[in-house]
Amino acid sequence: MAKITSDLNLYNTADRAVSKFVPLSPGKVGIYLCGATVQAPPHIGHIRSGVNFDILRRWLTAIGYDVTFVRNVTDIDDKILHKAVHEEIPWWAVAMKYERAFSDAYAALNVMPPTYEPRATGHITQMIQLMEKLIANGSAYAPGNGDVYLEVRKLKSYLTLSNQKLDDLQSAEDADLTYKKDPSDFALWKAAKPGDPSWPTPWGDGRPGWHLECSAMAHAYLGEAFDIHGGGLDLIFPHHENEIAQSESAGWKFANIWMHNAWVTTSGEKMSKSLGNSLQVMEILKKVRGIELRWYLGSAHYRSMLEFSFEALEESAVNFRRIEGFLQRAREILKKEIEPSISSEFTTAMNNDLAVPQALADISELVRIGNTAITDNDLAALAKSASEVRGALEILGCDPFDPVFADSNSSKVEILDGLISLALEQRNAARARKDFAASDEIRDSLTALGITIEDTPTGSRWTVN
RNA sequence: GGUCGGAUGGCCGAGAGGCGAGGCUCAGGACUGCAAAUCCUGCUACACGGGUUCAAAUCCCGUUCCGACCUCCA
């Protein structure tokens with residue numbers, strides 16, 4: 001689309017500041033996003049992370065970068081094993097079931113499939129290689145029971161991302177020092193327990209620790225150094241600190257920039273599973289369309305907490321429908337597809353650490369200008385504003401004309417249009433003879449069916465609510 | 001105890017020394033046979049107490065309240 005702009009600025013958690021983005025390799029960006037542990041259906045907090053980083057990816061692509069986007073699936077984990085017992089199905093069936101649930105949710109919200117979507121269990125070889133390296137150079141140790149630990153006190157630096165001191169941490173009250181040299185040492189690999197799945201290693205049968213997976217997979221797909229590592233705020237410690245510890249101990253540069261999205265909150269608190277099922281993506285999609293949920297989740301700045309309520313969701317959907325309605329009217333009036341383009345205001349906003357709220361203000365202004373152009377019958381001005389609105393929505397993943405969001409009953413829409421046109425002909429005949437009782441009766445009947453009629457200078461148009 | 005973040009109008013949500021983001025709601029107006037849609041106008045806020053400054057929502061000091069992480073959470 002556009003040529004690469006050199007003035008994208010991003011916030012880096014590592015130095016708590018916004019700075020100019022400089023790719024490691026000109027024209028290319030590698031991103032690793034910590035994806036889901038597939039042990040439950042996704043709630044809107046999970047999917048917000050997906051949406052936020054999807055917007056980042058789309059913007060990087062729009063300004064000309066060749067983006068490699070990796071989002072992993074953690075398909076082996078304590079919770080998955082527990083769930084398998086609870087649901088009385090194999091652990092791998094649990095993982096597959098919820099991986100599909102996540103995929104469905106991502107698809108419903110138009111989150112693009114990652115370039116690569118590695119599963120942890122598919123990368124045991126790379127993990128063993130990494131552990132061999134860490135043990136060989138003295139960073140890690142295998143106490144003999146099948147576990148492998150990283151020895152954090154040997155690190156030249158640790159906890160730099162969260163800016164903590166090792167000795168300030170509240171020590172785990174139940175740290176088991178049978179095998180660990182220090183309570184802070186963390187498991188790279190966990191010895192097999194009877195009945196649990198396991199893989200053979202030189203140190204005994206076992207399964208991967210969470211942190212090790214991500215280092216191994218990021219390395220496998222993006223190399224020893226890559227541009228952006230993302231995830232939720234709550235992953236900073238311990239997960240990302242431990243990824244850094246392992247990867248730097250292996251001699252890798254690892255991530256250049258760390259980006260973290262904030263949570264969706266309810267009553268000011270981080271969402272938790274105790275809230276039940278009501279905030280699962282698929283439940284909310286019974287109330288609003290996918291494009292509307294995406295608009296809502298994307299509308300706050302990615303580093304700000306988003307306080308969820310159904311009222312706010314509905315308000316946001318109303319706002320979106322106004323913009324969508326404008327684009328539909330514009331297409332009808334212009335009698336052609338609207339070519340997306342990027343306004344300079346939108347570019348400025350997005351280059352400022354993805355200032356989506358600022359971009360939204362610009363979109364509102366463009367819609368107002370466009371609607372005024374419709375009133376003034378200024379087709380050139382209408383085409384320009386509609387084009388810039390569509391271009392912005394495309395980056396935000398909310399283009400109403402995107403086939404992803406197309407009505408699956410499009411063939412029936414034509415039939416519906418024919419039927420409603422018949423009714424509107426009757427109504428217009430009644431209006432022509434000033435028989436408003438009859439014309440209103442037709443309109444009321446249509447309204448009762450959920451069809452809204454608008455009379456415009458060029459005739460009546462209809463929309464389904 | 002350590003680390004990090006937050007408090008903005010009826011609601012959501014930006015901004016980060018001056019010129020009042022934007023949306024939603026509500027009220028009034030224009031247009032319309034009436035509506036709908038659209039446009040215009042109005043309602044105009046920065047937790048509290050000090051301080052710095054010509055000027056503070058924004059910077060500094062203090063206070064209150066809320067939240068997150070501290071070893072497998074997006």
Side-chain angles (χ1 to χ4, degrees), chain A residues 13 16 33-37 39 42-53 74 77-79 152 159 162-172 175 183-187 190 208-213 230-239 241-242 260-265 267-273 296 299-301 303-309 311-320 322-323 325-326 329 349 355-365 367-368 370-372 374-376 431 434-436 439-440 443-444 447 452-457 460-463:
Chain A
T13 306
R16 315 264 168 198
L33 173 64
C34 285
T37 298
Q39 48 96 13
H43 60 58
I44 53 173
H46 295 122
I47 221 72
R48 182 193 183 189
S49 181
V51 168
N52 285 157
F53 283 96
T74 295
D77 156 88
D78 283 344
K79 288 179 182 165
V152 297
L159 308 181
S162 57
N163 193 29
Q164 300 176 97
K165 293 189 176 69
L166 196 48
D167 294 321
D168 286 342
L169 299 180
Q170 279 179 357
S171 51
S184 301
D185 291 350
F186 62 89
K190 299 179 168 197
W210 181 36
H211 314 303
L212 185 73
E213 297 167 11
L233 261 184
D234 41 3
L235 298 186
I236 293 175
F237 182 86
H239 185 51
E241 294 287 14
N242 290 351
H260 294 94
N261 65 277
W263 300 293
V264 177
T265 58
S267 306
E269 294 182 16
K270 182 181 169 186
M271 282 178 51
S272 66
K273 292 178 191 70
Y296 174 65
S299 66
H301 188 88
R303 286 194 283 117
S304 296
M305 303 293 169
L306 176 61
E307 171 64 18
F308 177 83
S309 70
E311 293 73 18
L313 173 63
E314 183 54 30
E315 284 180 5
S316 176
V318 168
N319 173 226
F320 180 75
R322 172 171 170 267
I323 297 164
F326 162 68
R329 285 192 299 277
V356 172
Q358 198 180 319
L360 261 38
D362 175 49
I363 292 170
S364 291
E365 174 68 3
V367 168
R368 190 187 62 75
N371 276 324
T372 302
I374 290 174
T375 307
D376 298 344
R431 291 175 74 204
K434 305 237 186 275
D435 182 357
F436 297 121
S439 83
D440 287 352
R443 186 173 63 194
D444 291 346
T447 303
T452 303
I453 302 303
E454 293 167 33
D455 295 326
T456 75
S460 301
R461 62 191 294 272
W462 64 271
T463 48

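As a basis for the values below, the full set of heavy atoms in this structure was taken, side chains included, without hydrogen atoms, waters or symmetry mates. Order of the sequence lines sets the chain letters (A, B, ...), proteins ahead of strands, with each chain counted from 1.
- Pairing partner, B:U52: none, since no Watson-Crick or wobble contact has both distances short of 3.5 Å.
- Comparing the C1' positions of B:G33 and B:G15 gives a spacing of 47 Å, expressed to the nearest Å.
- Nucleotides B:C26 and B:C60 have their C1' atoms positioned 40 Å apart, rounded to a whole Å.
- On the C1' atoms, B:G20 is 16 Å away from B:G13, given to the nearest whole Å.
- Of the residues near RNA chain B, A:Ala312 and A:Phe237, the one whose nearest nucleotide (by heavy atom distance) lies more toward the 5' end is A:Ala312.
- Taking for each of A:Val152 and A:Ala355 the nucleotide of RNA chain B with the nearest heavy atom, the 5'-most of the two is the partner of A:Ala355.
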(request) Classify every nucleotide of nucleotides 26-38 of chain B by which part a protein heavy atom approaches to under 4.0 Å, writing B for the base, S for the sugar-phosphate alone and - for neither, in 5'-to-3' order. (result) -------BBBBSS
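- Taking the P atoms as reference points, B:G9 lies 39 Å from B:U32, given to the whole Å.
- Between A:Asn319 atom CG and B:A14 atom P there is a gap of 14 Å when expressed in whole angstrom units.
- Looking at heavy-atom distances under 4.0 Å, A:Ser184 makes contact with a base.
- The interatomic distance linking A:Ile363 (CD1) with B:A21 (C1') rounds to 13 Å, in whole Å.
- Although no hydrogens or angles enter the test, the distance criterion places no donor-acceptor pair under 3.5 Å between the side chain of A:Ser316 and the main chain of A:Ala312.
- Comparing B:G13, B:A74, B:C73 by their nearest atom to the side chain of A:Leu306 picks out B:G13.
- Remark: the separation of the C1' atoms in B:U41 and B:C34 is 24 Å, to the nearest Å.
- Under the Watson-Crick or G-U wobble criterion, with both distances below 3.5 Å, B:A16 has no partner in any strand shown.
- The aromatic rings of A:Phe186 and A:His211 stand perpendicular to each other, their planes meeting at an angle above 60°, with 30° marking the opposite boundary.
- Across all strands shown, B:U38 forms a Watson-Crick or G-U wobble pair with B:A30, both key distances being under 3.5 Å.
- Atom CG in A:Asn261 sits roughly 13 Å away from atom C1' in B:A68 (whole-Å rounding).
- A:Leu33 comes within 4.0 angstrom of nothing in the nucleic acid, heavy atoms only.
- Note on A:Glu307: only backbone sugar-phosphate atoms sit closer than 4.0 angstrom, heavy atoms only; bases stay farther off.
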(request) Summarise protein proximity over nucleotides 1-6 of chain B in one line of letters, 5' to 3': B for base, S for sugar-phosphate only, - for none, counting protein heavy atoms closer than 4.0 Å. (result) BBSS--
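- The side chain of A:Ser304 approaches B:A14 more closely than any other nucleotide in the set B:C12, B:A14, B:U71.
- Checking the phosphate oxygens (OP1, OP2) of B:G67, no side-chain nitrogen or oxygen of A:Thr265 falls inside 4.0 Å.
- Side-chain atoms of A:Glu241 do not come within 3.5 Å of backbone N or O of A:Ile236 as any donor-acceptor pair.
- Contact of the A:Arg368 side chain with the A:Asn371 side chain is not registered, since no non-hydrogen atoms from C-beta on lie closer than 4.5 Å.
- The shortest side-chain heavy-atom distance between A:Leu233 and A:Trp263 falls under the 4.5 Å cut-off.
- Atom P of B:C12 sits at a distance of 12 Å from the matching atom of B:A7, rounded to the whole Å.
- Looking at residues two or more places apart in sequence or on another chain, you find no side-chain hydrogen bond (donor to acceptor under 3.5 Å, both in side chains) involving A:Glu311.
- Comparing B:U44 with B:G10, their C1' atoms are spaced 12 Å from each other, to the whole Å.
- Spacing of P atoms, B:A57 relative to B:A16, comes out at 15 Å, to the nearest Å.
- Pairing for B:C65 goes to B:G6, judged as Watson-Crick or G-U wobble with the two contacts each under 3.5 Å.
- B:U71 is unpaired under the Watson-Crick or G-U wobble criterion, no partner having all donor-acceptor distances under 3.5 Å.
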